[in-house]
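What you are looking at is a predicted structure, and each value in this text was computed from that prediction instead of being measured.
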Number of protein chains: 2
Amino acid sequence: MEKGKRIETAKTNSALYSLVEALRDKSLKITDERLSILDVLVKQTKPITIKELHQITGKQGCDLATIYRLFNLLEKHKLIQRTDFGDGIARFELLTADRAHHHHIICIYCSTVVKVDECFIESIQEEIANRSGFKSITHKLEFFGICPRCQKKE
Amino acid sequence: MEKGKRIETAKTNSALYSLVEALRDKSLKITDERLSILDVLVKQTKPITIKELHQITGKQGCDLATIYRLFNLLEKHKLIQRTDFGDGIARFELLTADRAHHHHIICIYCSTVVKVDECFIESIQEEIANRSGFKSITHKLEFFGICPRCQKKE
DNA sequence: GTATATGCAAATCTTTTGCACCCCT
DNA sequence: AGGGGTGCAAAAGATTTGCATATAC
């Protein structure tokens, strides 16, 4: 997409546009670079690494440092969630209305990622709070296993 | 501890000695370097980073690369577990009999770590297996919150 | 004796940062 | 106009790797 036209185009994409609104709310500036990043982000169905996102945006995109800076900002504002699949590379995905808190199951052979919608942990956190004295408890949970396709190869 | 005497001394420390037995079982060589690493490891009450371990062993210890190589090996043999506290630094702890699978709660302010003994997830994994078709499911779960001491500072 | 382990240094990879310049609001 | 935001390059940190040497078995 041609730069400069992105802000206009964003209006036709509701997921993207609501993100733009969120940026405005938080007094974050809306730039072509940010729009191209967010445009890729809203299309993902699973967490994406910064390197992957950088490759997808290609020459229309922006510097890696800009993506790192934006993602740190968005994480601070709770608009994206950082996920760790245990390989030392940070992955990110949107945390907007229809994409509330959830987990994943990752195939240890082929890295296929499947979303796990239910989160069963909230009730447990209460008990942990009582016992440990901690408050404002959150959690990170990922499942690992062997996906159906890889089971066939065994 | 003086090098060369470690293998003898190991026999007086049951936690360390059972680890040595495990190495022998798997045809891994028992060196002074490995003993000094494992000696520190068995004394920990929470996951330790490789840098921390390297500093504790001090000049009696070994090269960082040796620790990295040993830990990758031990992880492959399921003798230690890698833990991620979300800061991009790998932490490790023993996975021997009395230290079975468990989780942690980490203070987001001061990084205090408290062990969470119960693991409530096993039953959930069964349901996820049924629904997703994945098998051999494992999981990584960490809790984050504000510890009692940091609550007082707020 | 042989396979494995180690030290050292260099390389790799992810992420952060300093700084001059640019642009959204 | 002014405070972010960006690109570029350099720096910082964690981890891995190649290779010659050393050592457990």
Side-chain angles (χ1 to χ4, degrees), chain A residues 3-8 10 19-38 47-55 57-77 79-80 82-92, chain B residues 3-8 10 19-38 47-55 57-77 79-80 82-92:
Chain A
K3 283 195 178 185
K5 289 197 176 170
R6 288 220 186 81
I7 296 180
E8 286 311 307
L19 257 178
V20 170
E21 295 283 88
L23 292 196
R24 249 195 271 278
D25 278 357
K26 297 173 189 297
S27 305
L28 301 177
K29 291 186 177 166
I30 294 148
T31 64
D32 282 329
E33 290 81 359
R34 290 179 172 186
L35 285 169
S36 84
I37 294 170
L38 297 176
I48 188 172
T49 68
I50 284 182
K51 201 172 161 193
E52 286 166 352
L53 193 148
H54 186 245
Q55 284 167 351
T57 54
K59 71 171 98 166
Q60 316 260 320
C62 60
D63 197 78
L64 272 175
T66 301
I67 311 181
Y68 278 104
R69 282 187 277 231
L70 178 60
F71 278 14
N72 284 338
L73 207 54
L74 295 181
E75 192 188 18
K76 209 173 298 174
H77 285 94
L79 292 173
I80 58 176
R82 179 187 301 255
T83 303
D84 180 10
F85 285 178
D87 59 1
I89 308 173
R91 275 159 234 264
F92 299 87
Chain B
K3 282 195 178 186
K5 289 197 177 169
R6 289 221 185 79
I7 295 181
E8 287 310 309
L19 257 178
V20 170
E21 294 284 87
L23 292 196
R24 248 193 272 279
D25 278 357
K26 296 173 190 297
S27 304
L28 300 177
K29 291 186 178 167
I30 294 149
T31 64
D32 282 329
E33 291 81 0
R34 289 180 172 184
L35 284 170
S36 83
I37 294 170
L38 297 176
I48 188 173
T49 68
I50 284 182
K51 202 174 163 192
E52 287 165 353
L53 194 149
H54 186 244
Q55 284 166 353
T57 53
K59 72 171 95 165
Q60 315 260 320
C62 61
D63 197 79
L64 273 174
T66 300
I67 310 181
Y68 277 104
R69 282 188 276 229
L70 177 60
F71 278 15
N72 284 338
L73 207 54
L74 294 182
E75 191 188 19
K76 209 174 298 173
H77 285 93
L79 292 173
I80 58 176
R82 179 187 300 254
T83 302
D84 179 9
F85 286 178
D87 59 1
I89 308 174
R91 276 160 233 264
F92 299 86

* Asked: Which is it for A:L70 and A:E33 under the side-chain contact (heavy atoms from CB on, under 4.5 Å) test, yes or no, and what are the steps along the way?
  -> CA-CA 10 Å; A:L70 178 60; A:E33 290 81 359; over 6 Å; no

* Asked: Do B:C62 and B:I67 pass the side-chain contact (heavy atoms from CB on, under 4.5 Å) test, and can you show the C-alpha distance, the side-chain angles, and the key distance before you say yes or no?
  -> CA-CA 7 Å; B:C62 61; B:I67 310 181; 3.9 Å; yes

* Asked: Step by step, would you call A:L74 with A:R82 a side-chain contact (heavy atoms from CB on, under 4.5 Å)?
  -> CA-CA 10 Å; A:L74 295 181; A:R82 179 187 301 255; over 6 Å; no

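For the pair B:K26/B:L79, a side-chain contact is recorded, criterion being any heavy-atom separation below 4.5 Å from C-beta on. A:I89 places none of its side-chain heavy atoms less than 4.5 Å from the side chain of A:K51.
Out of D:dT6, D:dG5, D:dA14, the shortest distance to the side chain of A:L73 is found at D:dG5. When the nucleotides C:dT14, C:dA5, C:dT25 are ranked by their closest atom to the side chain of A:I30, C:dT25 comes out on top. When distances run from any side-chain atom of B:I89 to the nucleotides D:dA14, C:dT17, D:dG7, the shortest one goes to D:dA14. In this structure, of D:dC8, D:dG5, C:dT6, it is D:dC8 that holds the atom nearest to the side chain of A:A65. Minimum atom distance to the side chain of B:Y68 is reached by D:dA14, of the listed C:dT6, C:dG7, D:dA14. Picking from D:dT16, C:dT6, D:dT6 the nucleotide with the shortest atom distance to the side chain of B:N72 gives D:dT16. Taking every side-chain heavy atom of B:K29 into account, D:dC25 is the closest of D:dT15, D:dC25, C:dT14. Minimum atom distance to the side chain of A:A90 is reached by C:dT15, of the listed C:dC8, D:dT6, C:dT15.
At C:dT6, one or more side-chain N or O atoms of B:T31 fall inside 4.0 Å of OP1 or OP2 (strictly under the cut-off). Look at B:T66 and you'll find a side-chain N or O under 4.0 angstrom from OP1 or OP2 of C:dG7. Between B:R34 and C:dT6, a side-chain N or O to OP1/OP2 separation shorter than 4.0 Å is present.
If you take CZ of A:R24 and C1' of D:dG4, they are 16 Å apart, rounded to a whole angstrom. In this entry the distance linking CD of B:E33 with P of D:dT23 reads 9 Å, nearest Å. Atoms CG (A:D87) and P (D:dT16) sit 11 Å apart, rounded to a whole Å. A straight line from NZ of B:K59 to P of C:dG7 spans 16 Å, rounded to a whole angstrom. Distance B:E75 CD to D:dT15 C1': 13 Å, rounded to the nearest Å. In this structure, CG of B:D32 is placed 10 Å from P of C:dG7, rounded to the nearest angstrom. Counting to the nearest Å, the P atom of D:dT16 and the CD1 atom of B:I50 are 8 Å from each other. Rounded to an integer number of Å, the gap from B:H54 NE2 to D:dT15 C1' is 14 Å.
The nearest heavy atom of DNA chain D to B:D63 and to B:G88 marks one nucleotide each, and the one closer to the 5' end goes with B:G88. Toward the 5' end of DNA chain D, the nearer of the two residues B:R82 and A:C62, judged by each one's closest nucleotide, is A:C62. Between A:K51 and A:R69, it is A:K51 whose nearest contact on DNA chain C lies nearer the 5' terminus.
The distance from atom CZ of A:R34 to atom NZ of A:K29, rounded to the nearest 0.5 Å, is 9.0 Å.
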